[in-house]
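Computed over heavy atoms, backbone and side chain alike; hydrogens, waters and symmetry mates excluded. All values derive from a computational prediction rather than experimental measurement. Numbers restart at 1 for each chain; the letters A, B, ... are given by sequence-line order, proteins then strands.
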There are 2 protein chains.
Amino acid sequence: MGPEMTESRGRSVRSYNQYCAVARGLDVIGDRWTLLLVRNLLLGPKRYKDLLEGLPGIGTNLLAARLRELEDVGLLERAVLPPPAGSTVYRLTETGAALEPVLMAISRWGGRFLGRPRPEDALVPSAYFVALRAAFQPDVAAHLEETYEFRIAGSVFEVRVDGGVCSTREGEARNPDAVLTLSVETLDALLFEGLSPEDALSNGRVEVRGDPRALDRFLSVFDVRAAALAGMPG
Amino acid sequence: MGPEMTESRGRSVRSYNQYCAVARGLDVIGDRWTLLLVRNLLLGPKRYKDLLEGLPGIGTNLLAARLRELEDVGLLERAVLPPPAGSTVYRLTETGAALEPVLMAISRWGGRFLGRPRPEDALVPSAYFVALRAAFQPDVAAHLEETYEFRIAGSVFEVRVDGGVCSTREGEARNPDAVLTLSVETLDALLFEGLSPEDALSNGRVEVRGDPRALDRFLSVFDVRAAALAGMPG
DNA sequence: CGGAATCCTCTTCGATACTG
DNA sequence: CAGTATCGAAGAGGATTCCG
């Protein structure tokens with residue numbers, strides 16, 4: 001007789017108890033850390049440790065609990081990688097991946113509060129590659145078809161632009177037109193501070209294998225700051 | 001030195017402390033009840049009491065705290081109605097109204113968990129009129145221009161469809177083509193259970209002033225159940 | 001070493017009672 | 001009507017420990 005709904009593994013979850021799609025959705029994704037967890041998984045399957053590192057501040061117990069809950073409601077599933085890796089990874093189900101429009105909308109709206117990094121802010125590489133999807137300008141990129149590989153602080157990301165569609169994921173790129181090695185700070189400067197590709201290249205802040213002008217083209221199709229200013233429906 | 005950010009009125013708010021638009025957005029809208037509060041305000045300014053009734057289960061202290069917080073961060077503002085009403089209402093600022101795409105995305109996604117009402121679910125009329133925006137099919141309604149007034153359980157809502165755009169708000173409609181009086185249960189049956197307009201009218205479950213066939217046209221341009229099934233980006 | 005369960009403290013939430 | 005005050009219950013955060 002409390003405001004609760006009981007769930008498959010016997011844990012009890014708070015519900016708004018309203019017949020409303022928004023309320024039901026928030027019953028599932030409204031808890032702390034949940035959407036950030038999904039954000040990181042949008043870039044591909046991850047191990048427990050990867051998730052823990054990508055969510056600075058989450059407790060190990062809370063991460064374990066969230067993973068269980070989200071598996072129960074069908075947002076993600078456990079998978080075991082084929083040998084020799086053999087490790088367990090968590091990956092989004094179709095239902096979990098369907099949260100992308102929600103994340104994109106929040107990203108565009110949240111941009112207006114972004115400002116510049118505060119001293120206490122962590123710069124999480126994954127976050128940039130999800131933000132890129134929200135900042136992608138399909139009309140500007142209509143005739144661009146190119147694949148980039150970014151190597152940042154021990155992580156590797158693929159960004160693919162093709163026919164007005166942009167996809168990003170963690171992992172090595174297939175047939176990249178350019179492989180760029182740089183720091184998170186340099187990526188940030190390129191995207192948010194207007195650091196010019198030329199300067200970044202000549203200063204050696206970005207190292208390129210492949211066509212050096214790819215960095216220009218890459219930057220031209222994203223507008224992180226515009227996304228930060230407008231609500232950008234659709 | 002905890003993971004906090006201090007705010008204008010001295011209250012302390014948990015932050016994810018990540019340089020990420022999603023994280024920053026969630027710092028603002030991630031707390032319990034916040035998005036449902038915004039959902040209700042999307043239909044127009046509301047008094048404290050209206051908000052309290054539209055959010056069954058929220059404590060009065062929590063509602064007051066949320067209103068203060070959201071005013072502080074600039075999502076809503078207090079306004080005093082002109083005499084003779086003179087009462088205080090809360091209304092969304094531009095920043096608050098810019099959350100509509102977020103609410104729409106959550107509504108479309110949350111639909112897949114909606115099912116049928118549970119015994120403990122409240123049927124909040126406001127929720128239906130926000131859901132209608134998410135379920136609107138612009139292409140189907142391209143040539144429809146019509147205004148409806150719905151009278152439900154002491155509340156009045158306006159739904160306007162014009163040139164592929166749908167707007168809904170709480171309050172009397174201006175120049176309605178049809179004024180429909182019905183219960184929440186009947187609205188639910190029409191939208192979710194496939195109750196036919198003809199039956200609803202002949203049974204007297206819906207009372208119409210104006211063109212009775214307006215109810216047909218109204219229902220034809222929304223697909224709540226399709227919105228519930230697909231992720232429906234854009 | 002990755003993947004958790006446990007324990008403890010602190011904050012937030014929810015319900016009710018009370019006040020301008 | 002529009003909130004504030006209070007207090008028990010639930011949830012989050014951090015450190016540590018345990019298991020394979």
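- Regarding contacts with the backbone of C:dG2, every side-chain N or O of A:Tyr90 stays at 4.0 angstrom or more from both OP1 and OP2.
- For B:Thr34, the side chain to side chain contact (heavy atoms under 4.5 Å, CB included) partners are B:Ile29, B:Asp31, B:Arg66, B:Leu70, not counting sequence neighbours.
- In this structure, the NZ atom of B:Lys46 is 17 Å from the C1' atom of D:dA2, given to the nearest Å.
- Listed by chain and residue number, B:Leu182, B:Ser183, B:Leu190, B:Leu195, B:Arg205, B:Val206 satisfy the side chain to side chain contact (heavy atoms under 4.5 Å, CB included) test with B:Thr186 (two or more places apart in sequence, or in another chain).
- Rounded to a whole Å, the OH atom of B:Tyr48 is 16 Å from the P atom of C:dG20.
- Looking at the side chain of B:Arg32, the nearest of the listed nucleotides C:dA4, C:dG14, C:dG3 is C:dG14.
- Stem regions annotated for DNA chain D: C:1-19 with D:2-20, counting only runs of 3 or more consecutive pairs of Watson-Crick or G-U type with both contacts under 3.5 Å.
- Note: CG (B:Asp27) to C1' (C:dT11) measures 16 Å, nearest angstrom.
- Of the side-chain N and O atoms in A:Trp33, none sit less than 4.0 angstrom from OP1 or OP2 of D:dG11.
- Phosphate contact (OP1/OP2 of D:dG3, side-chain N/O of B:Arg78, threshold under 4.0 Å): present.
- Judged by distance alone, the side chain of B:Asp27 and the main-chain N or O of B:Tyr16 form a donor-acceptor pair under 3.5 Å.
- Contact annotation: the side chain of B:Tyr19 never approaches that of A:Val124 to less than 4.5 Å [non-hydrogen atoms, C-beta and beyond].
- For B:Ser167, the side chain to side chain contact (heavy atoms under 4.5 Å, CB included) criterion is met by B:Arg160, not counting sequence neighbours.
- Between B:Arg47 and D:dG3 there is no side-chain N or O to OP1 or OP2 distance below 4.0 Å.
- Checked against side chain to side chain contact (heavy atoms under 4.5 Å, CB included), B:Glu149 has the following partners two or more places apart in sequence or in another chain: B:Arg151, B:Val156, B:Glu172, B:Ala173, B:Pro176, B:Val179.
- Within a heavy-atom distance below 4.0 Å of DNA chain D, the residues of residues 53-64 of chain A found are A:Gly57, A:Thr60, A:Asn61, A:Leu62.
- Spacing between atom CZ of B:Arg66 and atom P of D:dG3 amounts to 16 Å, rounded to whole angstrom units.
- What separates CG of A:Leu81 from P of C:dG3 is a distance of 10 Å, to the nearest Å.
- Remark: A:Phe150 pairs with A:Phe129, A:Phe218 by the ring pair (Phe, Tyr, Trp, His ring centres under 6.0 Å) rule, at least two apart or across chains.
- Regarding B:Glu71, its CD atom lies at a distance of 14 Å from the C1' atom of D:dG3, rounded to whole Å.
- Taking the side chain of A:Arg14 as heavy atoms from C-beta on, and the options D:dA2, C:dA4, D:dA10, the nearest nucleotide is D:dA10.
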Only pairs under 3.5 Å count here: list side-chain donor-acceptor contacts from residues 47-62 of chain A, not counting sequence neighbours, and write none if there are none.
| residue | atom | partner | partner atom | Å |
| --- | --- | --- | --- | --- |
| A:Arg47 | NE | A:Asp50 | OD2 | 3.2 |
| A:Arg47 | NH2 | A:Asp50 | OD1 | 3.2 |
| A:Tyr48 | OH | A:Thr60 | O | 2.9 |
| A:Asp50 | OD2 | A:Arg47 | N | 3.1 |

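- The nearest whole Å value for the distance from the CG atom in B:Leu52 to the C1' atom in C:dT16 is 13 Å.
- Scored by the salt bridge (Lys or Arg N to Asp or Glu O under 4.0 Å) test, A:Glu77 finds A:Arg91 as partners (sequence neighbours excluded).
- A close approach under 4.0 Å does not occur between any side-chain nitrogen or oxygen of B:Lys49 and OP1 or OP2 of D:dA2.
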